[in-house]
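See structure below.
The figures that follow rest on heavy atoms only: side chains count, while hydrogens, waters and symmetry mates do not. For reference, positions follow the sequence shown, starting with 1.
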Amino acid sequence: QVQLVESGGGSVQAGGSLRLSCAASGYTSSSYSTYCMGWFRQAPGKEREGVAAIDSDGDTVYGDSVKGRFTISKDNAKNTLYLQMNSLKPEDTAIYYCAARQRVRYCVLGRDWFPSWGQGTQVTVSS
């Protein structure tokens with residue numbers, strides 16, 4: 001079972017930037033060779049929505065609300081996933097979760113598709 005630990009959340013004013021990190025561990029080298037890792041977020045009273053995902057080939061997919069503002073990336077040497085968030089808006093306020101699925105060659109930005117989740121990190125954007 002993959003373990004995921006997010007960090008980098010915090011409070012920022014609208015227009016600012018934050019970078020989230022997700023450290024992954026607990027997988028075998030064979031299962032790590034093909035995978036999808038993603039970011040989701042959940043605001044109070046709302047469903048968890050997909051933000052971005054990246055597969056082992058580096059192909060990415062983004063949610064419509066963050067396209068052009070957020071960038072997902074990964075550092076294979078550090079087993080770490082990142083989410084660079086620019087031009088933040090108050091509506092980006094949410095708990096951000098890292099998710100992973102192994103032994104796949106593509107990503108689906110759907111919360112039910114990922115079996116492994118981190119504990120989440122809070123992002124608050126003030127106007």
Side-chain angles (χ1 to χ4, degrees):
Q1 185 73 12
V2 176
Q3 289 84 49
L4 305 169
V5 179
E6 303 96 335
S7 61
S11 297
V12 65
Q13 289 192 328
S17 299
L18 281 175
R19 188 177 80 156
L20 305 183
S21 299
C22 172
S25 62
Y27 45 78
T28 63
S29 58
S30 60
S31 62
Y32 185 64
S33 62
T34 57
Y35 60 85
C36 173
M37 295 188 72
W39 289 98
F40 287 73
R41 66 185 182 186
Q42 188 166 18
K46 294 188 177 181
E47 293 188 351
R48 191 171 297 188
E49 67 168 339
V51 175
I54 186 168
D55 65 24
S56 46
D57 290 330
D59 295 325
T60 58
V61 59
Y62 292 91
D64 289 340
S65 61
V66 305
K67 285 180 181 177
R69 300 188 297 123
F70 291 9
T71 302
I72 190 171
S73 63
K74 58 187 177 70
D75 186 329
N76 292 334
K78 296 182 178 180
N79 298 331
T80 301
L81 179 73
Y82 301 101
L83 184 69
Q84 178 66 43
M85 304 185 294
N86 299 328
S87 302
L88 282 162
K89 305 175 181 180
E91 51 264 43
D92 294 319
T93 296
I95 299 175
Y96 283 71
Y97 298 90
C98 176
R101 178 168 175 160
Q102 302 168 80
R103 299 184 181 91
V104 291
R105 295 186 178 274
Y106 59 92
C107 288
V108 174
L109 200 56
R111 65 179 185 270
D112 294 333
W113 194 72
F114 289 87
S116 301
W117 293 85
Q119 84 288 350
T121 186
Q122 177 71 47
V123 171
T124 302
V125 184
S126 58
S127 57

* To do: Check whether Tyr97 and Leu88 end up in the same hydrophobic cluster, where Ile, Leu, Val, Met, Phe, Trp and Tyr are linked by side-chain heavy atoms less than 4.5 Å apart.
  => no

* **Trp113/Val104 under side-chain contact (heavy atoms from CB on, under 4.5 Å): CA gap, chis, key distance, verdict** => CA-CA 11 Å; Trp113 194 72; Val104 291; 3.7 Å; yes

* Asked: Which pair of non-hydrogen atoms, one from Arg111 and one from Arg48, has the smallest distance, and what is that distance?
  -> NH1-O, 3.4 Å

* Structure fact -> Taking every heavy atom of Leu4 against every heavy atom of Ala24, the minimum-distance pair comes out as CD2-CB, 3.7 Å

* Asked: With distance as the sole test, does Gln13 use its side chain to make a donor-acceptor pair with the main-chain N or O of Ser126 at under 3.5 Å?
  -> no

* Distance from Ser87 atom OG to Lys89 atom NZ, nearest 0.5 Å? -> 8.0 Å

* Donor-acceptor contact below 3.5 Å, side chain Asp55 vs main chain Asp57 -> yes

* Go through the steps to decide whether Asp92 and Met85 satisfy the test side-chain contact (heavy atoms from CB on, under 4.5 Å), and finish with yes or no. => CA-CA 9 Å; Asp92 294 319; Met85 304 185 294; over 6 Å; no

* Sub-4.5 Å side-chain heavy-atom contact between Ile54 and Tyr35 -> no

* **Taking every non-hydrogen atom, the tightest pair across Gly63 and Leu109** => N-CD2, 3.7 Å

* Structure fact -> For Ala14 and Ser127, the nearest pair of non-hydrogen atoms, with its separation, is CB-CA, 4.3 Å

* Determine the minimum heavy-atom distance between Tyr106 and Cys36, stating which atoms define it. => O-CB, 3.6 Å

* Gap separating the OG1 atom of Thr121 from the CG atom of Leu83, nearest 0.5 angstrom -> 11.0 Å

* Structure fact -> Per side chain to side chain contact (heavy atoms under 4.5 Å, CB included), Arg41 is matched among Ile95, Leu20, Val66 by Val66

* Asked: Trp39 versus Leu81: any side-chain heavy-atom pair under 4.5 Å?
  -> yes

* Asked: Given Val108 and Phe114, is the side-chain contact (heavy atoms from CB on, under 4.5 Å) satisfied, shown in steps?
  -> CA-CA 9 Å; Val108 174; Phe114 289 87; 5.9 Å; no

* Between the side chain of Glu6 and the main-chain N/O of Gln119, is any donor-acceptor distance below 3.5 Å? -> yes

* **Mutual orientation of the aromatic rings belonging to Tyr96 and Phe70 [parallel < 30°, tilted 30-60°, perpendicular > 60°]** => tilted

* Heavy-atom donor-acceptor pair, Thr93 side chain to Val125 backbone, under 3.5 Å -> yes

* **Pair Lys67-Asp64, salt bridge (Lys or Arg N to Asp or Glu O under 4.0 Å): steps then yes or no** => CA-CA 5 Å; Lys67 285 180 181 177; Asp64 289 340; 3.1 Å; yes

* To do: Kindly give the heavy-atom pair with the smallest separation between Met37 and Ile72, and that separation in Å.
  => O-CD1, 3.9 Å

* **Close side-chain approach of Ser56 to Arg105, heavy-atom, < 4.5 Å** => no

* Asked: From Lys74 NZ over to Thr80 OG1, what is the distance, rounded to the nearest 0.5 angstrom?
  -> 11.5 Å

